[in-house]
Amino acid sequence: MKLIQIAAPDFDLEKTLNSGQVFHWEKVGAGFCGTIGESAVYVEQLGNVLQTKMEGGVVRRRAQHQLFRKAPTTAATTGSRELAPPSVARVVTRYFALDHPLEDICSSFPRDPIMNAARDFCRGLRIIRQPKWECLATFICSSMKQVTHIRQISRALRQRFGEKKEIGGDEIFSFPSPGRLARTSENELRKCGLGYRARNLLETAKVVASGQADLDSWNPLPDRKLRKQLCELPGVGMKVANCVMLFAFERIAAFPIDVWIERVLREKYFVRKRKVTGQMLADFAANYFGVHGGYAQQYLFHHARMTGKRKSPSRSLDQSH
DNA sequence: CTCCAGGGATGAT
DNA sequence: ATCATCCATGGA
């Protein structure tokens, strides 16, 4: 299969995929294998160009258009003129958010030493547009787990309950639908390493599969209302809700506060202050980091995690600027 | 406010 | 080799 080339200026694929926002992409050769929705995808970066191929997708618009016209579909009766599904380039561009004005976003970050360092370190990192259910389910599994664990859980869920795809000779599994997971049992989910999170994922899958919670219909809701709806789902608190808003609902201002971000805020922005509550941290973040706060948060998170400042008892030479 | 709920990677010893 | 710590937390 021929590789399709896509312009990808101001983009860093590896940083984007390894920044703790998505957990299923695996390094293969010079690039990565994964899924975008139900399609298996291979993608690699060469400078400012993304080379990609997709299985179950479209190589050319015309081919899929013909395919569409062969079978009578209900879409034809709707009168919509957008019958042709988007091209591979369009799907990939949208998924990796290559249309985000990254320069403007980064320029809107506050100018302080911590933020400057994070902005410089994370150049090219973009917040991608993930499928809603996949994102929600994965972050329900993320509670009190490390990134490597979440990857294992995601892989186990896909292998057990997802649909097998193939791309360039590699096996890839799509993320199981809410209906599929709703038909499993808590015990089956525990076999994927979910622990106590199994019940939450199962219950949320049932609510979503039944239509009682319609994620797509929540698109027009304002941030506050959307957050409230998400938090009513089992296993979803403020942190997970903000992650789903940021990574799947394009709410760029949503500011998830996890262990790492809390450390950064307390140690860098609330230096030597007692009695700092979580609410105070959230209020500060919402006001200080601005309309693209979610992006700022992602940069701070990735920078903190990569420059590793996990508690080490023996740090005799603590260097500060 | 506190406490607890898998389990595996990671790091100290 | 074993042992302690940590974890993109929610719920009680």
### Task
For A:N200 and B:dG6, give me the distance from atom CG to atom P, rounded to whole Å.
12 Å
### Pairwise 5' ranking along DNA chain C for A:K145 and A:P234, keeping only the more 5' one
A:K145
### Message
Distance criterion of 3.5 Å, no angle test: do you see the side chain of A:Q146 paired donor-to-acceptor with the base of B:dG8?
### Response
yes
### Query
Taking for each residue the nucleotide of DNA chain C bearing the nearest heavy atom, is the 5' side occupied by A:Q21 or by A:L233?
A:Q21
### Query
When rounded to the nearest Å, what value does the distance between P atoms of B:dG8 and C:dG10 take?
23 Å
### Task
Figure out the CD1/P separation between A:I257 and C:dC7, and round it to whole Å.
16 Å
### Side chain A:E262 and base C:dA8 donor-acceptor under 3.5 Å
no
### Task
Would you tell me whether A:R119 and A:N116 have side-chain atoms, one donor and one acceptor, within less than 3.5 Å of each other?
yes
### Query
Among side-chain atoms of A:D170 and A:Y42, is any donor-acceptor pair under 3.5 angstrom?
no
## Note on the structure
When rounded to whole Å, the CE to C1' distance for the pair A:M144 and B:dA9 reads 14 Å
### Query
Over how many whole Å does the gap from A:R199 atom CZ to B:dG6 atom P extend?
11 Å
### Query
Nearest-Å distance, CG (A:L202) to P (C:dG10)?
19 Å
### Message
Under 3.5 Å, is there a donor on one side chain and an acceptor on the other for A:T277 and A:Q279?
### Response
no
#### Entry: Aromatic stack A:F301/C:dA8: centroid gap under 5.5 Å, interplanar angle under 30°
yes
### Task
Ignoring backbone atoms, establish whether A:Q152 has a side-chain N or O less than 4.0 Å from OP1 or OP2 of B:dA9.
yes
### Task
Kindly point out which of C:dA8, C:dT9, B:dG6 is positioned nearest to the side chain of A:R197?
B:dG6
## Note on the structure
Across every strand shown, the nucleotide meeting Watson-Crick or G-U wobble geometry with C:dA12 (both distances under 3.5 Å) is B:dT2
### Message
Taking the P atom in each of B:dC3 and C:dA8, what is the distance between them to the nearest angstrom?
### Response
23 Å
### Message
Under 3.5 Å for both donor-acceptor distances, Watson-Crick or wobble: does B:dG11 have a partner, and if so which one?
### Response
C:dC3
### Message
Applying a 4.0 Å non-hydrogen cut-off, can you work out what A:S19 is touching in the nucleic acid: base, sugar-phosphate, or nothing?
### Response
base
### Distance below 4.0 Å between A:R263 side-chain N/O and C:dC7 OP1 or OP2
yes
### Message
What contact category does A:F255 fall into here, base, sugar-phosphate, or nothing, at under 4.0 angstrom with non-hydrogen atoms?
### Response
nothing
### Query
Are side-chain N/O atoms of A:T184 and A:R160 paired as donor and acceptor at under 3.5 Å?
no
### Message
By the 4.0 Å heavy-atom rule, please label A:G20 as base, sugar-phosphate, or nothing.
### Response
base
#### Entry: Near-ring test A:F255/A:F301, centroid separation under 6.0 angstrom
no
### Query
Rounded to whole angstrom units, what separation is found between the CG atom of A:L281 and the C1' atom of C:dT9?
15 Å
### Task
Let me know the distance between CD of A:Q130 and P of C:dA8, rounded to the nearest Å.
16 Å
### Query
Angle class for the A:F139/A:F23 ring planes (parallel below 30°, perpendicular above 60°, tilted otherwise)?
perpendicular
### Message
Can you tell me which nucleotide in C:dC7, B:dA5, C:dA8 comes closest to the side chain of A:Y196?
### Response
B:dA5
### A:H149, nearest nucleotide to its side chain (from B:dA5, C:dA8, B:dG8)
B:dG8
### Query
How many Å lie between CG on A:D258 and C1' on C:dC7, as a whole number?
9 Å
